[in-house]
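Quick note: residue numbers are just sequence positions, from 1.
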Amino acid sequence: MRTMLTRTSQSYLISALKDLSVGVWLADGSTVAVPEGLPSQFLGTSFSIRDLQEMFKDDLHPGDVILTNDPYHGGNNNHLPDWGYFRPIFYEGELLFFTLVRGHMMDTGGSFPGGYFANAYDIIAEGLCIPPLKVIKRGVVDQDLKKLIFNNVRWPVELTIDTDAMIATGKFAENRIVELLRRYGKDTVLGAIHEMFDRTERAVRSEIAAIPDGTYTGESSTDDDGTILDEPVTVRVDVTIKGDEITLDFSRSDAQRPGFVNSVYAPTYARATCAVIINMDPALADFHNQGSVRPITVIAPPGNVTNCNYPATVGACPVNCGTQVLEAVI
């Protein structure tokens, strides 16, 4: 998926910088496979899929494609420039998987080109905010919705090329998954996936158990929030090891800010989880999945900079305070 998208997209951001994420999840949101990439774009996708299931209920069908870039309303997204295309995958009439293809767009509307506005008043001022919407229904493109979206971005032709590449990548993945199911059967494929989860979980728990029990603290600050200058914003974490489980508690972090350094829960969860995983044996690097995160709990109370409330701005969160979450845990 990753190779296909980088070869068929046109923007520097996706094709060269590789500001993208792809992956495969079970229908219940369990992470099956994620590649090298930007953790804040995909490690929180389980929350998104559970929200999509709740939003659409029985109204998911083969050929549907759902687009969202919304951090707040079911999208659990990083920030508005990251557009994600979700595709439910059915086999013999049963919903078994979701794929996600997400990429950083050249523009997403808003006050200035690009998507970074330190002085935006709220999330609405940051750009076009797309809740989970079916842009393709049973294989048919919703042309009216497409016109509405691309009429509200700069460089609509270029963005259309990138998004078509993302949609095609999801279809490519669907074809490969269905081929796998036809070759081996549903029970064998799902059985192998759950065995993979269990093996990874055992390996991760073993890594955590090697750390002495106790509570460890860390913090990291960014210079300011981009609106109120020279006033540091600090992320604080209490990391508790108990046997083979780990809890990361960000309750003591600063309150959410008027500037654009805030993060919603999903990318905070992703960065915190990533920070734990990168301290493990590198031999595990190619195998992380739902089993990796079962022993990890992330606490971030609503209203602080690591779990801001709507309509706080979040444009810089992949860097600040996303980096601060990562550094505090490390």
inquiry  = Which residues pass the side-chain contact (heavy atoms from CB on, under 4.5 Å) test with A120, not counting sequence neighbours?
reply    = F117, A125, E126, T313

message = Assess the residue pair F86 and T45 against the criterion (side-chain contact (heavy atoms from CB on, under 4.5 Å)); give the C-alpha distance rounded to whole Å, side-chain angles, the decisive distance to 0.1 Å, and a yes or no.
response = CA-CA 10 Å; F86 290 84; T45 299; 3.7 Å; yes

ask   = Do K171 and E174 sit within salt-bridge range, that is, some charged N less than 4.0 Å from a carboxylate O?
value = yes

message = Is it the case that the side chain of E207 and the backbone of D281 share a donor-acceptor pair, with hydrogens and angles ignored and the cut-off at 3.5 Å?
response = yes

Pairing of E92 and K186 as salt bridge, 4.0 angstrom limit = no

request  = For I136 and V141, work out which heavy atoms get closest and say how close.
outcome  = CG1-CG2, 4.0 Å

For residues 142-150, which side-chain donor-acceptor pairs fall under 3.5 Å, sequence neighbours excluded?
from : atom 1 : to   : atom 2 : distance (Å)
D142 : OD1    : D144 : N      : 3.3
D142 : OD1    : L145 : N      : 3.0

Side-chain donor-acceptor pairs under 3.5 Å in residues 22-33, sequence neighbours left out?
from : atom 1 : to   : atom 2 : distance (Å)
W25  : NE1    : T31  : OG1    : 3.1
D28  : OD1    : S30  : N      : 2.9
D28  : OD1    : S30  : OG     : 2.9
D28  : OD2    : S30  : OG     : 3.4
T31  : OG1    : Q290 : OE1    : 3.4

task = Kindly work out whether a path of hydrophobic side-chain contacts (I/L/V/M/F/W/Y, heavy atoms less than 4.5 Å apart) joins L20 to Y12.
result = yes

I66 vs F56 side-chain heavy atoms within contact, under 4.5 Å = yes

message = Run the side-chain hydrogen bond (donor to acceptor under 3.5 Å, both in side chains) test against D238 and tell me which residues pass, sequence neighbours left out.
response = R252

request  = Under the ring-ring contact (aromatic ring centres under 6.0 Å, His included) rule, collect the residues that match up with F47, sequence neighbours excluded.
outcome  = Y265, Y269

ask   = Any side-chain heavy atom of R257 sitting closer than 4.5 Å to one from T227?
value = no

task = Flag the pair F97 / V178 as yes when at least one side-chain heavy-atom distance between them is below 4.5 Å, and no otherwise.
result = no

query = Is M166 reachable from V153 through a run of hydrophobic residues whose side-chain heavy atoms are each under 4.5 Å from the next?
reply = yes

message = Between V314 and I124, is there shared hydrophobic-cluster membership here, with clusters defined by ILVMFWY side-chain heavy atoms closer than 4.5 Å?
response = yes

inquiry  = Main chain of V261, side chain of N320: is a donor-acceptor contact present, judged purely on distance under 3.5 Å?
reply    = no

Distance, nearest 0.5 Å, that separates OG1 of T99 from CD1 of I177 = 6.5 Å

request  = Could you state whether I167 and L128 fall into the same hydrophobic cluster, counting links through intermediate Ile, Leu, Val, Met, Phe, Trp or Tyr residues with side-chain heavy atoms under 4.5 angstrom apart?
outcome  = yes

All side-chain hydrogen bond (donor to acceptor under 3.5 Å, both in side chains) counterparts of N262, not counting sequence neighbours = none

task = Please round to the nearest 0.5 Å and tell me the distance separating atom CZ of R102 and atom CD of Q41.
result = 6.5 Å

I'd like a table of donor-acceptor pairs (distance under 3.5 Å, sequence neighbours excluded) in which one partner is a side-chain atom from residues 322-330, with atom names and distances.
from : atom 1 : to   : atom 2 : distance (Å)
T323 : OG1    : V319 : O      : 2.6
E327 : OE1    : S220 : OG     : 2.6

query = Is there a side-chain contact between V276 and M280 (heavy atoms, below 4.5 Å)?
reply = yes

Sole residue of D70, D51, T68 in side-chain hydrogen bond (donor to acceptor under 3.5 Å, both in side chains) with N76 = D51

query = Going from CD1 on I299 to OG1 on T268, what distance comes out if it is rounded to the nearest 0.5 angstrom?
reply = 13.0 Å

inquiry  = For K134, is there an ion pair with D64 - N to carboxylate O distance below 4.0 angstrom?
reply    = yes

Name each donor-acceptor pair under 3.5 Å that joins a side chain in residues 104-113 to protein atoms two or more places apart or in another chain, with its distance.
from : atom 1 : to   : atom 2 : distance (Å)
H104 : ND1    : D19  : OD2    : 3.1
D107 : OD1    : G114 : N      : 3.0
D107 : OD1    : R154 : NH1    : 2.9
D107 : OD2    : G109 : N      : 2.9
D107 : OD2    : R154 : N      : 2.8
D107 : OD2    : R154 : NH1    : 3.3
T108 : OG1    : W83  : NE1    : 3.3

task = Could you tell me whether the side chain of D224 reaches within less than 4.5 Å of the side chain of I228, counting heavy atoms only?
result = no

task = Determine yes or no for a side-chain-to-main-chain donor-acceptor pair under 3.5 angstrom, with T188 supplying the side chain and G185 the backbone.
result = no

key: Shortest non-hydrogen contact between S253 and V305, atoms and distance   = CB-CG1, 4.2 Å

message = So, using ring-ring contact (aromatic ring centres under 6.0 Å, His included) as the criterion, who are the partners of H73 when residues are at least two apart?
response = Y310

key: Side-chain donor-acceptor pair present, S251, D249, cut-off under 3.5 Å   = yes

ring-ring contact (aromatic ring centres under 6.0 Å, His included): pairs with one or both residues in residues 158-180, sequence neighbours excluded = none

query = Is the shortest distance from a Lys or Arg side-chain nitrogen in D59 or K137 to a carboxylate oxygen in the other one below 4.0 Å?
reply = no

query = Are V298 and L38 linked, directly or through other ILVMFWY residues, by side chains that come within less than 4.5 angstrom of each other?
reply = no

query = Under 4.5 Å between any side-chain heavy atoms of P71 and L80, yes or no?
reply = yes

ask   = Distance-only, no hydrogens or angles: does the T169 side chain make a donor-acceptor pair with backbone N or O of A165 under 3.5 Å?
value = yes

query = When rounded to the nearest 0.5 angstrom, what is the spacing between CG in D122 and CZ in F260?
reply = 15.0 Å

ask   = Counting heavy atoms not belonging to Y216, are there more than 12 under 6.0 Å from its OH?
value = yes

query = Taking atom CG of L159 and atom CG of D164, what is their separation to the nearest 0.5 Å?
reply = 10.5 Å

query = C321 versus T306: any side-chain heavy-atom pair under 4.5 Å?
reply = no

key: V101 to G170 - nearest heavy-atom pair and separation   = CG2-N, 3.8 Å

key: Shortest non-hydrogen separation from P88 to H61 and the atoms involved   = CG-O, 4.0 Å

ask   = Which residues satisfy the side-chain hydrogen bond (donor to acceptor under 3.5 Å, both in side chains) test with D58, sequence neighbours excluded?
value = none

message = Testing the basics here: between N78 and P318, what is the closest heavy-atom pair and its distance to 0.1 Å?
response = ND2-CG, 3.1 Å

ask   = Is the backbone N or O of G84 less than 3.5 Å from a side-chain atom of N77, with the two atoms forming a donor-acceptor pair by type?
value = no

inquiry  = Given 3.5 Å as the limit, does a donor-acceptor pair link the side chain of N307 with the main chain of A300, or not?
reply    = yes

key: Any donor-acceptor N/O pair, N304 side chain to F250 backbone, under 3.5 Å   = yes

For the student: nearest non-hydrogen atoms of I123 and A312, plus distance = CB-O, 4.0 Å

ask   = Do the charged groups of E195 and R199 touch, with an N to O distance under 4.0 Å?
value = yes

Would you give me the side-chain donor-acceptor pairs under 3.5 Å for residues 239-248, sequence neighbours excluded?
from : atom 1 : to   : atom 2 : distance (Å)
T240 : OG1    : T215 : OG1    : 3.0
D244 : OD1    : R205 : NH1    : 3.1
E245 : OE2    : R205 : NH1    : 3.3

query = Going from OG on S11 to CH2 on W155, what distance comes out if it is rounded to the nearest 0.5 angstrom?
reply = 11.0 Å

